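Written out below as structure tokens is the structure these notes cover.
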Amino acid sequence: MVDRVDHEQRDAPGDAGAMPYARRHDEQLTRADLVRAAQLRPRLAAEYAELEAEIGHRFRNDLSMAEIITAAEQAATAEHTEETATIELGQGQLWWPRFERQSDRYGTVFLLTGPDAEDYVSFENAPVGQPGRLVAIVVETRRSEHCGDIARSLAPVTPTVGEEITLGAGTLFTDTDADLGIPTAVGLAPDDNRDIDWLDPRALYRCHSQTVRLELRISSHTNGHARDTRPRAA
């Protein structure tokens, strides 16, 4: 079963995906569009900000990328303070299926328990269709042996016990293991129909092989309003 665990070197460089706010479209996007894009792709937004500072030009005449990032962080803080419910999904060592990295989707994770970390946590009771924020609270740490995502220059980082790591935001879904017949993987489908980075890869590599408590944080705007749609095919 665990041969599906993602610990191999990347087979081939993957496409990092289209930029969420390409220069040719920037004038057509509203401030809200750009702030949302920065929330969805913080790493790319940071790269824009670095380039902006390096060349001395603003991202847009009326708006700098630094201002966009600040607005995105403020919006995220406001969203988090509005969260009214927390659903514990399970606890165990956090891993993800190999195809998630190979496809660049990074859409699901699973938890392993037991003396040899070979038993899958079941997500049979997970609130499928519920929008929210997936958060991993670090319970125990260890050195990850994962080689990382070489094409993205990402490598595992050991977190601290008690650290809360946001893996992403979207609509919760589960994947059923064909052999076990139970849902062993859980993830979030994004609202913007993107094909990659359903979860935050940088956050994932901060959690890889760490023992975490996985929670779904639900805001007051979405509490009690589960969606019927299932996730798109990978």
Side-chain angles (χ1 to χ4, degrees), residues 14-52 58-60 62-83 94 96 100-109 129-136 149 151-154 157 164-173 186-208 214-222 225 227 229-234:
D15 181 4
M19 296 180 182
Y21 28 78
R23 175 69 67 179
R24 64 182 180 275
H25 297 310
D26 64 356
E27 296 299 336
Q28 302 174 17
L29 298 177
T30 66
R31 178 187 175 90
D33 290 333
L34 294 170
V35 168
R36 181 56 176 162
Q39 288 178 310
L40 295 172
R41 300 291 296 280
R43 183 171 66 91
L44 185 56
E47 291 175 358
Y48 267 110
E50 291 177 2
L51 179 60
E52 183 180 63
R58 294 164 67 88
F59 176 75
R60 206 167 72 177
D62 63 335
L63 192 63
S64 71
M65 182 53 65
E67 291 171 335
I68 293 171
I69 292 175
T70 297
E73 293 173 346
Q74 292 173 341
T77 300
E79 290 173 1
H80 296 174
T81 58
E82 294 174 352
E83 289 169 344
L94 187 144
W96 51 85
E100 294 288 6
R101 173 176 51 84
Q102 294 172 336
S103 67
D104 280 327
R105 189 181 78 157
Y106 282 109
T108 64
V109 297
Q130 174 66 60
R133 187 168 61 98
L134 193 61
V135 178
D149 191 324
R152 299 184 181 215
S153 299
L154 291 177
V157 177
E164 294 192 2
I165 303 172
T166 296
L167 302 183
T171 302
L172 188 137
F173 69 96
V186 65
L188 297 176
D191 298 330
D192 63 354
N193 298 319
R194 66 183 184 273
D195 295 323
I196 66 172
D197 294 355
W198 287 17
L199 300 176
D200 181 359
R202 191 174 297 274
L204 289 175
Y205 281 103
R206 195 167 183 81
C207 295
H208 187 270
L214 202 59
E215 296 181 349
L216 182 69
R217 305 276 178 87
I218 304 170
S219 73
S220 57
H221 296 301
T222 59
H225 298 285
R227 301 175 183 174
T229 56
R230 302 295 295 183
R232 300 171 299 281

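Computed from a predicted model, the values in this text were never measured in an experiment. Residue numbers run from 1 in the order of the sequence given.
Between the side chains of E100 and T108, at least one donor N or O lies within less than 3.5 Å of an accepting N or O.
Scanning all heavy atoms of the two residues, the minimum distance from I196 to S103 falls at CG2-O, 4.4 Å. Between A49 and I69, the shortest heavy-atom distance links the atoms CB-CD1, 3.7 Å.
For L154, the side chain to side chain contact (heavy atoms under 4.5 Å, CB included) criterion is met by D149, R152, P201, R202, Y205, not counting sequence neighbours. Remark: E50 pairs with no residue by the side chain to side chain donor-acceptor pair (under 3.5 Å) rule, at least two apart or across chains. Residues forming a side chain to side chain donor-acceptor pair (under 3.5 Å) with E47 (at least two apart in sequence, or on another chain): R43. Annotation: side chain to side chain contact (heavy atoms under 4.5 Å, CB included) contacts of A169 (sequence neighbours excluded): none. Residues satisfying the side chain to side chain contact (heavy atoms under 4.5 Å, CB included) criterion with E215, sequence neighbours excluded, are T86, I137, R213, R217.
Taking OH of Y48 as the start and CG of L34 as the end, the distance is 10.0 Å to the nearest 0.5 Å. Note that the CZ atom of R31 and the CG atom of D62 stand 9.0 Å from one another [nearest 0.5 Å]. Rounded to the nearest 0.5 Å, atoms CG (L134) and CG (L204) are 9.0 Å apart.
L94 has its side chain out of reach of H208: every pair of non-hydrogen atoms, C-beta onward, lies at least 4.5 Å apart. Using a 4.5 Å cut-off on side-chain heavy atoms (C-beta onward), R133 and L216 make no contact. Residues L51 and M65 fail the side-chain proximity criterion, which asks for heavy atoms closer than 4.5 Å. Two residues are said to be in side-chain contact when any heavy atoms from C-beta on lie closer than 4.5 Å; V135 and I165 fail this criterion. At a threshold of 4.5 Å between non-hydrogen side-chain atoms, the residues L188 and T171 do not count as touching. Proximity of L167 to D200: side-chain heavy atoms (C-beta onward) are nowhere separated by under 4.5 Å.
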Criterion salt bridge (Lys or Arg N to Asp or Glu O under 4.0 Å) on E67 and R58, from CA distance to verdict: CA-CA 10 Å; E67 291 171 335; R58 294 164 67 88; 3.3 Å; yes
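Using a distance-only test at 3.5 Å, with no hydrogens or angles considered, a donor-acceptor pair links the side chain of D192 to the main chain of R194.
Between R105 and D195 there is no salt bridge, since none of the side-chain N atoms of the basic residue sits less than 4.0 Å from a carboxylate O of the acidic one.
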